[in-house]
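Every chain is numbered from 1, with letters handed out A, B, ... down the list of sequences.
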Amino acid sequence: MICVEVKNIISRQNNILLSWSLQQVIAAMETQLSNGPTCNNTSNGPSTISNNCSSPVESGSIEDSKTNLIVNYLPQNMTQEELKSLFGSIGEIESCKLVRDKITGQSLGYGFVNYVDPKDAEKAINTLNGLRLQTKTIKVSYARPSSASIRDANLYVSGLPKTMTQKELEQLFSQYGRIITSRILVDQVTGVSRGVGFIRFDRRVEAEEAIKGLNCQKPPGATEPITVKFANNPSQKTSQALLSQLYQSPNRRYPGPLAQQAQRFRLDNLLNMAYGVKSRFSPMAIDGVTSLAGINIPGHAGTGWCIFVYNLAPDADESILWQMFGPFGAVTNVKVIRDFNTNKCKGFGFVTMTNYDEAAVAIASLNGYRLGDRVLQVSFKTNKTHKA
DNA sequence: TGCAATT
């Protein structure tokens with residue numbers, strides 16, 4: 001009964017939350033339609049980890065691999081199984097590998113997905129490139145064949161004029177070779193350039209030539225010379241840095257935008273009112289309160305929090321669930337329930353999220369969301385065993 | 001108003 005109260009309270013909050021949820025989803029769609037990824041670590045992230053903005057291996061558009069994809073800018077805590085689950089929603093996967101640090105086992109934030117069918121690889125690029133997952137916008141592109149000549153071709157550039165754009169940076173470096181990716185880091189709060197950027201060339205020799213030609217040189221119109229050197233390779237971090245990274249609790253959540261934090265507190269208060277406990281978003285805090293023994297915790301399945309999504313269209317697929325819920329936090333599984341014979345969606349599906357607070361925000365934000373011509377109903381999964 | 005399980 002208390003569960004129902006929570007549900008109702010959250011539903012009432014929905015009017016307030018809706019505009020924000022629309023922003024989230026629209027943002028997801030926009031990034032999907034536009035260019036590549038952005039460096040989107042939040043300012044709260046540990047600085048050692050925020051370095052991996054520049055670290056992922058990039059890929060070119062060479063057409064020699066039609067099935068093998070490289071996926072960059074994955075959330076730090078995403079596992080290989082989650083990667084496989086996400087990309088498996090497109091088609092049959094031949095192999096899937098999340099690249100991890102050899103010593104610490106920490107994800108390096110990128111991986112490879114090899115499909116059986118080239119058509120699925122193409123579809124994955126079209127539907128998953130630019131997908132927002134937590135604080136990241138993933139990049140999906142064809143993987144270049146692995147070879148020594150494309151390794152260590154990433155340059156770190158500092159001392160750039162604050163007014164220099166990414167396009168101008170590329171213009172400056174393009175005379176030395178084919179640029180795979182470029183980026184200028186910006187202040188997380190003001191959006192102003194930090195005067196630091198990265199250029200990844202197709203081949204190492206091109207990067208070497210760029211260093212010779214541009215290090216300690218003044219770009220046209222600049223008053224100060226720039227520094228151009230090879231970027232740090234994440235797998236070559238000192239053991240000290242690796243250890244300190246391990247001590248930053250690996251499962252730490254990175255708080256999202258301010259709006260999201262505001263929602264967290266609001267929801268936390270709702271939970272306090274309903275349960276009479278201070279949860280601090282922790283499922284354990286709820287489970288651990290003996291006075292609440294016997295109360296069903298909605299949606300809690302041990303491995304995460306199961307969310308029921310109702311009123312999906314017959315042609316709904318897993319990718320839409322990833323797109324909708326991914327921006328709210330760690331999603332470990334999505335499932336569209338289909339009729340065995342027709343293979344059409346039966347109108348509902350499930351999403352499993354690791355953390356209670358993120359699941360609660362996702363529910364509060366997406367319940368009542370209009371998808372196409374349908375209004376979704378989103379809640380924690382209950383234990384219903386038969387139709388009413 | 002609808003809560004899976006050919007994993």
**Study point:** Electrostatic pair A/Lys84-A/Glu81, nearest N-O below 4.0 angstrom
**Key:** no

Exercise for review: If a pair satisfies ring pair (Phe, Tyr, Trp, His ring centres under 6.0 Å) and one of its residues is in residues 143-165 of chain A, list it, with sequence neighbours excluded.
Suggested key: A/Tyr156-A/Phe198

Exercise for review: Would you kindly give the OH-to-P distance between A/Tyr310 and B/dT1, to the nearest whole Å?
Suggested key: 6 Å

Review point. What is the distance from CG of A/Leu321 to P of B/dA4, rounded to the nearest Å?
Key: 15 Å

Check your understanding: Which word best sums up how the rings of A/Phe112 and A/Tyr110 line up, parallel for under 30°, tilted for 30 to 60°, or perpendicular for over 60°?
Key -> perpendicular

Exercise for review: Let me know the distance between CG of A/Asn367 and C1' of B/dG2, rounded to the nearest Å.
Suggested key: 13 Å

Check your understanding: If you check the A/Cys306 side chain, which of B/dG2, B/dC3, B/dA4 turns out closest?
Key -> B/dA4

Check your understanding: How long is the line joining NZ of A/Lys381 and C1' of B/dC3, in whole Å?
Key -> 5 Å

Review point. Nearest-Å distance, CD (A/Glu92) to C1' (B/dT7)?
Key: 15 Å

Check your understanding: Roughly how far apart are A/Lys136 NZ and A/Asn72 CG, rounded to 0.5 Å?
Key -> 10.5 Å

Exercise for review: Using only heavy-atom distances, determine whether the side chains of A/Glu82 and A/Thr332 contain a donor-acceptor pair under 3.5 Å.
Suggested key: no

**Study point:** Residues from residues 338-350 of chain A lying under 4.0 Å of DNA chain B - heavy atoms
**Key:** A/Phe340, A/Phe348, A/Phe350

Point to revise | d(CG, A/Leu312; P, B/dG2) in whole Å | key: 16 Å

Practice item. From the options B/dG2, B/dA4, B/dC3, select the nucleotide whose nearest atom is closest to the side chain of A/Lys335. Key: B/dA4

Study note, to complete from the structure: Atom CD of A/Glu318 and atom C1' of B/dA5 are separated, to the nearest Å, by 13 Å

Review point. Among pairs that include at least one residue of residues 315-331 of chain A, which meet salt bridge (charged side-chain N to carboxylate O under 4.0 Å, His left out), considering only residues two or more places apart or in two chains?
Key: A/Glu318-A/Arg338

Check your understanding: Quick one: A/Ile363 CD1 to B/dC3 C1', roughly how many Å, whole number?
Key -> 13 Å

Point to revise | Pair A/Phe325 + A/Phe350: ring centers closer than 6.0 Å | key: no

Review point. The side chain of A/Gln377 lies closest to which of these nucleotides: B/dA4, B/dC3, B/dG2?
Key: B/dG2

